[in-house]
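Take a look at the structure below.
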Amino acid sequence: MLRADVAVVGAGAAGLYAALVASREGARVVLVSRSPLAESASYWAQGGIAAALAVYDSPERHLADTLAAGRGASRPSAARVLCEESPESVRDLESLGVHFDADRRGDLALGLEGGHSVRRVVHAGGSATGRRITRELSARAALDDRIEVLESSTASALWRAGDRCVGLRAERPSGRAVDVLARATILATGGAAALWERTTNPPGAVGAGLTLAEHVGADLADLEFVQFHPTALASEANDGFLITEAIRGEGALLLDDAGERFVDELAPRDQVALAIQQVLASDPNARVFLDLRSIDMTHFPNIAAALHRAGLDPGRDPIPVAPAAHYTMGGIATDLDGRASLEGLLAVGECACNGLHGANRLASNSLAECFVFGRRAGVAATAAPPLPDDTGPPPGEGPDPVPPAATRAALWRLVGLERTAEDLREVLDDPFPLARTIAAAALTREESRGAHQRRDRPSADRALDGKHVVVRRGEARFERWD
């Protein structure tokens, strides 16, 4: 058995940063990483970090863009925290050795992405931002004397004693279980977009943290809001590969079969994805293309390489694209410091939901969220009270977080870009618990808003502005958060 002040599950951007912050606060940390360090989903993140760093920008302007993208469902207090604290997060990352891209004058090079009114997105290595950041943070964590890393280990169950989380059980590659007692446990396990059959995410992004949290009684929220990225490669080779929104910020165009533009490429993602979906649905043979022929692809080397591997030349060929499940706005319900409804449990990053994103995530607010709320969760975790004298026995076998193939197909078919009550009720009988919970949340929101589009409820219900669907012990209901 291991003992620590803080246990962190997940070694992506959010988990690494939360672990480093907790260590900086003097805590002893156990970091559980399913993959070797620097091979998390964050490693593949192409987007940057949204932060009001330019003289022409401000946190208030960033906040206005964030709330507009959220379609009236964002939690204003969470959005304000992100917009006010993101610039400091960028500066802290620089102090940790992350080198962000600069312009010819040596100033930070700021990119423009959909939904942003000005250039405010910082990148590292162009579209290799996730790789650069996780590489630096992983190196720091590996050398930190207060952080013990359990690589290639999986959190199989959370340890609950009474009304408190007191740690977790981790499974090592050998099959041996390691129990970890900790005053606070931070879940940073990533999102759940790979629950859908067509996805931009790696196979492991199936909401494992949500499954663990729900199993011990923690609240989940906003699960009906799932963002479908508009421009995922539609090709037998590397199907679903994400082509970052930043490339449209540099002038890439979306074209139909006739070579005509049909949407503002820099509109928020929910609008662009629905516009593409409408074109594709207009004819069984319809296709949509991303025209990159005017783009300097040396700024996007990993995209250029992936397209060439798929037999496509971005300098010559329009690239076939279609929406794919990309980001889950919902997750484990938390406060603004990452605390879940179960004492001793915290969550941060895509597995968490503090209401920030509302019905639609603003581009590159996700990495900003990892660092702003990762810092807050790391600090809050170190302030957790001592463990009780009696923590009870370690947890037994936990829930299986991996969905069957039929569940992934059902979610894509019935809980995709557009849904109906009839479709959603069918998923209520799915054998996979998290799929049933998602369907229950989507049934509860009887309106269309942002990433949640109901064909049988095509309009937004203004009475639901600012309200969040919270699932507590299997029951879904609306709550308004401060």
### Query
Do the non-hydrogen side-chain atoms of Y56 and L110 ever get within less than 4.5 Å of each other?
yes
#### Entry: E350 side chain to T328 side chain, donor-acceptor N/O pair below 3.5 angstrom
yes
### Task
Kindly say whether H326 contributes a backbone atom to a donor-acceptor pair with the side chain of N201 at under 3.5 angstrom?
yes
#### Entry: Check: D65/H116 side-chain N/O donor and acceptor closer than 3.5 Å
no
### Query
Between the main-chain N or O of P433 and the side-chain N or O of T437, is there a donor-acceptor pair closer than 3.5 Å?
yes
### Query
Are L254 and R248 side-chain neighbours, meaning at least one heavy-atom pair lies under 4.5 Å?
yes
### Query
Taking the side chain from R120 and the backbone from S58, do they hold a donor-acceptor pair closer than 3.5 Å?
no
## Note on the structure
For C353 and G331, the nearest pair of non-hydrogen atoms, with its separation, is CB-N, 3.4 Å
### Distance-minimising heavy-atom pair for D465 and R480
O-NH1, 3.0 Å
### Summary
Paired with Y17, the side-chain contact (heavy atoms from CB on, under 4.5 Å) test is passed by just one of T134, V8, V348, D92, namely D92
### Message
Could you check whether E446 pairs with K467 (Lys NZ or Arg NE/NH1/NH2 to Asp/Glu carboxylate O, under 4.0 Å)?
### Response
no
### Task
For residues V471 and A476, report the shortest heavy-atom separation together with the two atoms involved.
CG2-CB, 4.0 Å
### Message
What I'd like to find out is whether the side chain of L137 reaches to under 4.5 Å of the side chain of L93, using heavy atoms alone.
### Response
yes
### Message
What verdict does the side chain to side chain contact (heavy atoms under 4.5 Å, CB included) test give for N360 and Q227, after you've listed the backbone C-alpha separation in whole Å, the side-chain angles of each residue and the deciding distance to 0.1 Å?
### Response
CA-CA 7 Å; N360 182 53; Q227 188 172 80; 2.9 Å; yes
### Message
R75 vs H468, test: side chain to side chain contact (heavy atoms under 4.5 Å, CB included). Steps then yes/no.
### Response
CA-CA 9 Å; R75 184 182 190 175; H468 303 266; 4.2 Å; yes
### Message
Between L82 and H62, is the side chain to side chain contact (heavy atoms under 4.5 Å, CB included) condition met? List the steps.
### Response
CA-CA 9 Å; L82 177 113; H62 187 184; 4.0 Å; yes
### Query
In terms of side-chain heavy atoms, does R375 have a donor or acceptor partner in S89 at a distance below 3.5 Å?
no
#### Entry: Inter-residue atom distance D291.CG - R261.CZ, 0.5 Å rounding
10.5 Å
### Query
Does the side chain of I332 come within less than 4.5 Å of L220's, by heavy atoms?
yes
### Summary
By side chain to side chain donor-acceptor pair (under 3.5 Å), S366 pairs with (sequence neighbours left out) R361
### Summary
Here the pair of heavy atoms bringing A440 nearest to L428 is N-CD2, 3.8 Å
### Query
Charged N to carboxylate O under 4.0 angstrom, D270 versus R71?
yes
### Sidechain-backbone polar pair: R198 side chain, P323 backbone, donor-acceptor under 3.5 Å
yes
### Message
Please check: side-chain N/O of S448 versus main-chain N/O of R457, any donor-acceptor pairing under 3.5 Å?
### Response
yes
### Query
Is any side-chain N of the basic residue among R91 and E88 closer than 4.0 Å to the acidic one's carboxylate O?
yes
### Query
If you draw a 6.0 Å radius around NE2 in H308, do more than 12 non-hydrogen atoms from other residues or ligands fall strictly inside?
yes
#### Entry: F241 side, atom CZ; R309 side, atom CZ - distance, nearest 0.5 Å
7.0 Å
#### Entry: F300 side chain reached by L292 side chain, heavy atoms, under 4.5 Å
no
### Query
Looking only at atom types and distance, does a side-chain atom of S74 sit under 3.5 Å from a main-chain N or O of P76, one as donor and one as acceptor?
no
### Message
With salt bridge (charged side-chain N to carboxylate O under 4.0 Å, His left out) as the criterion, how do E447 and R445 come out once you've worked through the C-alpha distance, each side chain's angles and the decisive distance to 0.1 Å?
### Response
CA-CA 6 Å; E447 63 165 357; R445 187 170 288 280; 2.6 Å; yes
### Query
Looking only at heavy atoms, which two atoms of A306 and N238 are closest? And how far apart?
CB-ND2, 3.8 Å
### Task
May I ask you to say whether E136 pairs ionically with R131, meaning some side-chain N is under 4.0 Å from a carboxylate O?
no
### Query
Going through the distances and angles, do F289 and D257 end up as a side chain to side chain contact (heavy atoms under 4.5 Å, CB included)?
CA-CA 8 Å; F289 299 92; D257 273 316; 3.5 Å; yes
### Distance-minimising heavy-atom pair for A310 and L233
CB-CD2, 4.2 Å
### Message
Once rounded to the nearest 0.5 Å, what's the spacing between atom OG1 of T66 and atom CZ of R80?
### Response
11.0 Å
### Task
Could you walk me through whether H357 and E369 pass side chain to side chain donor-acceptor pair (under 3.5 Å), step by step?
CA-CA 10 Å; H357 302 299; E369 175 189 17; 2.8 Å; yes
### Message
Using 0.5 Å steps for rounding, measure from the OG atom of S235 to the CG atom of L307.
### Response
9.0 Å
### Query
Just wondering, are more than 12 heavy atoms of other shown residues or ligands nearer than 6.0 Å to CZ in R462?
yes
### Query
Within the distance-only criterion (no hydrogens, no angle test), does the side chain of T199 pair as donor or acceptor with the backbone N or O of A325 below 3.5 angstrom?
yes
## Note on the structure
dist D337:CG -> R339:CZ (nearest 0.5 Å) comes out at 4.5 Å
### Query
Do the non-hydrogen side-chain atoms of L434 and P401 ever get within less than 4.5 Å of each other?
no
### R287 atom CZ: more than 12 heavy-atom contacts under 6.0 Å
no
### Task
Return yes if some donor-acceptor pair links the side-chain N/O of T231 with the main-chain N/O of I243 below 3.5 Å, else return no.
yes
With a 3.5 Å cut-off and sequence neighbours excluded, list the donor-acceptor pairs that the side chains of residues 403-414 form with protein atoms.
| residue | atom | partner | partner atom | Å |
| --- | --- | --- | --- | --- |
| T407 | OG1 | D430 | OD1 | 2.7 |
| T407 | OG1 | D430 | OD2 | 3.3 |
| R408 | NE | A194 | O | 2.7 |
| R408 | NH2 | A194 | O | 3.4 |
| R408 | NH2 | W196 | O | 2.9 |
| R408 | NH2 | E197 | O | 3.3 |

### Message
Would you say that L158 contacts L187 through its side chain, given a criterion of any heavy-atom pair below 4.5 Å between the two side chains?
### Response
yes
### Query
side-chain contact (heavy atoms from CB on, under 4.5 Å) with L443: which of R425, E224, R419?
R425
### Query
Side chain of S77, backbone of D482: donor and acceptor closer than 3.5 Å?
yes
### Task
Measure from the side-chain N and O atoms of D456 to the backbone N and O of A421, and report whether any donor-acceptor pair falls under 3.5 Å.
yes
#### Entry: Reported CH2-to-CG distance for the pair W481 and D335, which is rounded to 0.5 angstrom
10.0 Å
### Close side-chain approach of T334 to F373, heavy-atom, < 4.5 Å
no
### Message
Would you say that more than 12 heavy atoms from the other residues, nucleotides or ligands in this model lie under 6.0 Å from the CZ of R454, or not?
### Response
yes
### Query
Can R472 and E479 be counted as an ion pair, charged N to O under 4.0 angstrom?
yes
